[in-house]
Amino acid sequence: MSKRRLRHRDRPTVPASGTDATAAPSRWRHYKRLLIFCCVTAVAVAIVMGLRPPAPVDERMDSGIADAEKSPEIPKPTIVLPATPATFEAGELRNELKKSGQDLLKRYPELPAAIHAVALLDMDLQQTQEAVDLWRQCIELDPKHAGPYVGFARAAMELGNDEEAKVALRKGLAAGCSSPEIYYELTAALIKLSELEEAEAVAQQGLAAFPKSAPNWLQLGQVQLQRQRFPEAEKSLTTAKDCGEKSDTVYFSLASACAAQGKTEDAAKHRQEFAARKAQQSSASEKPFQSRYDAELRNIAVAATGRIAAVYERQGAPAEAERLLMRSMSLDPQNPVVCGEFVTFLRKSGRIADALLAQRRLTEIEPAEVRHYINLASLASETGDLALAESASKQVVSMRPDLAIGYVSLAQLYFRGGDFKQAKWFAESALKQQAMDRTEALRACGVLAESSRAMGDETTAAQADSMIQQLMSDSPKP
Amino acid sequence: MGCELVAMLLMLVSQTGQTKAPAPCSIRLTDVTSQTKIAFRHTDGGSGQRYIVESVVAGLAMLDYDNDGQLDIYLLNGTPLKGTKVEVPPRNALYRNNGDWTFTDVSLDAGVADAGYGLGVTAADFDNDGDEDLYLNNFGPNVLFVNNGDGTFSRGGDAAGVNYGEHVGAGACFLDMDADGDLDLYAANYVDFTYEKHIVRMIGTHQFHPGPNDYHPVPDKLFRNNADGTFTDVTESSGVGSVAGPGMGTVSFDYDDDGDPDVFVCNDAKPNFLFQNDGRGNFTETGELAGVAYNYMGRTVSSMGADCGDYDNDGRLDLFVTDFSAEMPVLFRNLGNGSFQDVTNSTGAGRSAYPHVTWGNGFIDFDADGDRDLFIACGHFMDNIRYIDDRTAVKVPNILLMNDGRGRFLDVSTQCGSALAVVESSRGVAFGDLDNDGDCDGVVLNANGPVTAMRNDTETTNHWVQLRLIGTISNRDAVGARVRVQSEGHWQVAEVHSGRSYQSHFGMQLHFGIGKSQRIDRVEVRWPGGATQVFENLAADHSYVLQQR
């Protein structure tokens with residue numbers, strides 16, 4: 001990638017019609033170009049890129065994109081993110097969680113999403129009968145969603161009511177609900193009921209609908225193992241592995257399937273993998289109970305609070321949602337999921353500076369996750385913190401030089417900063433990458449067209465325009 | 001084969017012949033506790049500190065200590081733990097069977113009223129003097145009670161070499177590991193708990209018992225019988241000491257059918273052990289390779305108790321293992337090539353047990369129809385479990401799964417009599433024919449409660465035989481002998497065990513239900529050491545003593 005620093009450039013200008021001294025276009029060409037510019041570039045570039053004129057030059061800075069466009073003022077965040085995990089007493093936290101659930105149900109007693117969220121919490125807290133009752137209510141209120149059927153079935157099976165779980169899941173499928181989980185749980189119920197032939201059939205149905213679901217493949221393999229259909233089991237388990245299943249279970253089951261077929265070498269290999277994974281787990285499970293329990297309860301609290309917050313948010317109660325998300329963050333400030341949820345919430349609320357702050361945290365939590373830098377660049381750009389946007393985008397290119405998105409972001413930034421040469425170079429680099437979606441291609445072409453035009457390179461600009469046209473014409477019909 | 005049937009007719013049983021209206025389940029286990037005069041009440045010795053040892057109580061044994069032909073009952077109890085104050089310290093109890101479903105407490109007279117903290121027990125005639133001795137695997141020093149043959153016992157003392165100081169014991173079993181004609185001893189150990197290492201688990205204001213992962217596991221012990229009333233610790237040289245797990249129930253059986261006894265050990269929240277014997281008392285741990293270390297998903301379960309029996313009558317001994325709540329008990333089917341397959345789901349063997357902590361268990365043919373049913377003892381040890389988990393409770397009913405003869409188990413718990421309606425926190429169970437009527441009765445040790453005496457009142461026209469083996473060249477109790485019986489072309493197999501289920505011991509008598517068959521055509525006995533003997537043409541509905549020649 002380019003390590004060059006951005007240099008100050010003049011304000012980008014769209015060449016005025018008829019001022020192209022080198023080309024001297026005809027009237028037709030002139031109108032054609034105008035048309036392209038207005039219809040395509042304006043749509044593709046202005047909308048996609050969100051082009052804005054750069055800020056006046058700041059004389060105090062002599063390099064970087066921030067030199068080129070100095071926002072009047074970068075907004076300051078209004079929140080402070082917790083840095084260390086809040087301590088808690090397990091009983092109090094349990095009570096707090098239960099109260100959160102009760103409050104939600106009090107406010108939205110007939111709302112399926114609220115009931116579902118509280119049922120999940122009850123399940124996590126192993127108040128299984130309460131969860132069953134809530135999910136039963138949830139299904140009555142909204143029989144068209146798979147989640148409550150799945151939850152109900154899981155809870156019922158925990159209580160040993162496998163038949164009840166089977167009936168509910170069949171009802172869910174009949175109601176048109178479909179998800180990998182509903183097939184998974186129905187298969188699980190059938191397994192527990194010793195109806196292995198039917199379990200295999202249901203697992204197959206589920207995989208016909210969701211052929212990439214690794215847990216379902218694993219489960220199918222295990223059913224086949226129990227039915228002593230060893231070659232089929234091996235095939236299913238291998239597919240599970242190919243679909244991303246990494247648990248020790250898949251290797252254990254593969255070892256069993258291979259051993260049963262007399263494939264001793266393969267069995268030994270899988271057994272070795274299994275042992276390696278098991279060893280990793282053992283060290284975790286050997287922690288003392290209290291720390292394991294507290295960690296588990298903390299995880300439950302973080303997830304449940306996030307789910308309840310989401311309900312409040314969707315119901316238009318952002319204050320309560322924010323309070324809960326903040327609580328979630330305080331319990332586990334290093335949790336990428338909750339931090340990501342918080343970013344989304346803040347962004348949706350239009351609090352870009354706060355979102356940027358949380359997004360920065362996310363990059364600290366998962367420094368190797370490239371999408372965090374992509375989002376950081378985007379948010380920084382929105383707040384006008386172009387220096388941060390630039391460095392984040394460079395980080396993206398550095399981490400994943402095969403992704404177009406980093407080049408596109410930089411191209412846009414340089415264009416915005418008036419450095420057309422750099423903008424053009426990054427736009428062209430973006431277009432060379434395989435990993436690029438249509439939106440990114442449009443953005444890259446837009447920058448390429450405009451920066452080329454700004455540099456007087458009408459040929460490249462026209463080619464870029466043409467690519468935009470092509471991309472627009474290829475766009476899926478609504 | 002030139003072998004002679006030495007058949008002592010112990011008892012003829014008259015079947016009632018009455019028939020009942022067809023019912024899904026004919027098994028009837030009646031709670032007869034109140035008429036037994038067994039006043040024993042178990043205590044875990046707890047003071048509210050919730051020491052880990054309170055969570056792993058306790059087993060019981062059925063043995064005929066006085067050789068009167070009637071099975072007696074030995075019950076373990078828990079001495080007061082640190083911080084517990086009691087006026088009268090609880091003691092183990094030996095109840096002599098009066099033969100009429102009443103029992104007499106003879107603990108003090110017999111000299112076995114041990115006041116230690118009893119966890120596991122087994123019985124066998126280790127000194128080959130014609131009577132069954134007792135071994136207690138305690139929290140604290142273990143005890144070997146040597147039967148004097150006159151209704152009393154003497155403590156083996158330190159010289160016996162099997163009292164190895166402070167530790168947390170578990171199950172135990174006698175086995176003749178080297179085929180030298182005397183019984184050696186396997187004693188499982190749990191974890192390295194001491195009062196100083198007590199861990200307090202708090203959730204809110206509720207205190208819970210710590211678990212096995214809060215401590216280090218301790219290797220089990222193996223003692224070779226010196227044939228002079230003493231034992232030598234061969235834990236290390238035998239290979240048993242090469243691994244350590246939080247051991248619980250143990251059962252010794254010849255899983256690979258090579259003529260020597262192997263040992264299966266339940267480990268709590270760790271992979272189970274299966275020690276393969278090379279016939280000379282050298283053991284290799286093969287649990288994972290044999291497929292019994294984990295359940296079918298490769299998950300470690302918190303194994304509690306294990307029994308072995310041929311549930312599908314294919315001539316191979318299978319294993320059933322109980323475990324913790326939210327874990328399915330596991331039925332391992334013996335595939336005959338030294339490996340097992342978890343067939344819990346395909347057989348329904350774990351049905352109904354999933355939410356509960358399960359402990360004692362037994363492969364028992366309650367209705368004498370020729371296949372072995374499953375009894376499962378249930379109950380949590382955390383008295384405040386409902387605060388953190390509403391799926392189960394401290395006291396829950398036990399479970400009876402009836403074998404349908406086609407390799408499936410059906411939960412008949414609610415249809416098979418008052419004994420299954422008892423709601424206690426059950427632990428050890430033992431089965432045997434307490435009234436010599438030809439069917440298997442049972443006793444359940446309930447933690448912090450009275451025992452449950454279960455009389456088998458199954459009304460059936462099915463037939464049976466019971467076999468008591470007496471070794472003359474091999475160990476006298478014929479522990480490890482494998483018996484095959486054939487009736488009308490159907491074969492069944494069983495072995496004589498000392499120590500099984502959850503830290504318990506059943507009587508030495510083997511029970512075979514033979515359905516409608518009127519007789520046993522052939523009995524093949526493979527005595528420990530390999531000698532075989534055949535007995536033919538045994539009339540049904542009798543108990544026989546088969547003596548080694």
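As a basis for the values below, the full set of heavy atoms in this structure was taken, side chains included, without hydrogen atoms, waters or symmetry mates. Just so it is clear: chains get the letters A, B, ... in the order the sequence lines come, proteins before strands, and each one is counted from 1.
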Given side chain to side chain contact (heavy atoms under 4.5 Å, CB included), test D389(B) with Q127(A) step by step and report yes or no.
CA-CA 6 Å; D389(B) 186 351; Q127(A) 302 303 301; 6.0 Å; no
Does some side-chain heavy atom of Y296(B) sit less than 4.5 Å from a side-chain heavy atom of Q222(A)?
yes
Where do G160(A) and P355(B) come nearest, in terms of heavy atoms and distance?
N-CG, 3.8 Å
Kindly say whether G298(B) contributes a backbone atom to a donor-acceptor pair with the side chain of K278(A) at under 3.5 angstrom?
yes
So, the part of T300(B) with a heavy atom under 4.5 Å from chain A: the answer is both
Which bit of L159(A) comes within less than 4.5 Å of chain B, counting heavy atoms only: side chain, backbone, both or neither?
both
With rounding to the nearest 0.5 angstrom, report the CD to CG distance, Q126(A) to D390(B).
8.5 Å
Is there a donor-acceptor pair under 3.5 Å between the side chain of E158(A) and the backbone N or O of A326(B)?
no
Quick check on the structure: residues of residues 374-387 of chain B within a heavy-atom distance below 4.5 Å of chain A, by number.
R386(B), Y387(B)
State the CD1-CG distance between I388(B) and L297(A), to the nearest 0.5 angstrom.
10.5 Å
Would you find a donor on one side and an acceptor on the other, under 3.5 Å apart, between the side chain of T128(A) and the backbone of R391(B)?
no
Name, in order of residue number, those residues of residues 224-243 of chain A that have a heavy atom at a distance of less than 4.5 Å from a heavy atom in chain B; otherwise write 'none'.
L225(A), Q226(A), Q228(A)
Within a 6.0 Å radius of atom CD on E197(A), are there more than 12 heavy atoms belonging to other residues, nucleotides or ligands?
no
Given the options E288(B), H216(B), R299(B), which has more heavy-atom pairs under 4.5 Å with chain A than any of the others?
E288(B)
Taking the ring of Y294(B) and the ring of F274(A), is the distance between their centroids below 6.0 Å?
yes
Just wondering, do Y354(B) and D162(A) contact through their side chains at under 4.5 Å, heavy atoms?
no
Just wondering, more than 12 heavy atoms not from Q129(A) lying within 6.0 Å of its CD?
yes
Side chain / backbone / both / neither for S346(B) at chain A, heavy atoms under 4.5 Å
both
L289(B) and R271(A): which non-hydrogen atoms are nearest, and at how many Å?
CD2-NH1, 3.3 Å
To the closest 0.5 Å, what do you measure between CE (M297(B)) and CG (D248(A))?
9.5 Å
Has K246(A) got more than 12 heavy atoms of other residues, nucleotides or ligands less than 6.0 Å from its NZ?
no
Determine whether a donor-acceptor pair (N or O, by modelled atom type, separation under 3.5 Å) exists between the side chain of S194(A) and the backbone of N345(B).
yes
Out of E92(A), E195(A), K192(A), E130(A), which one racks up the most heavy-atom pairs below 4.5 Å with chain B?
K192(A)
Chain A heavy atoms under 4.5 Å from D411(B): which part of the residue, side chain, backbone, both or neither?
neither
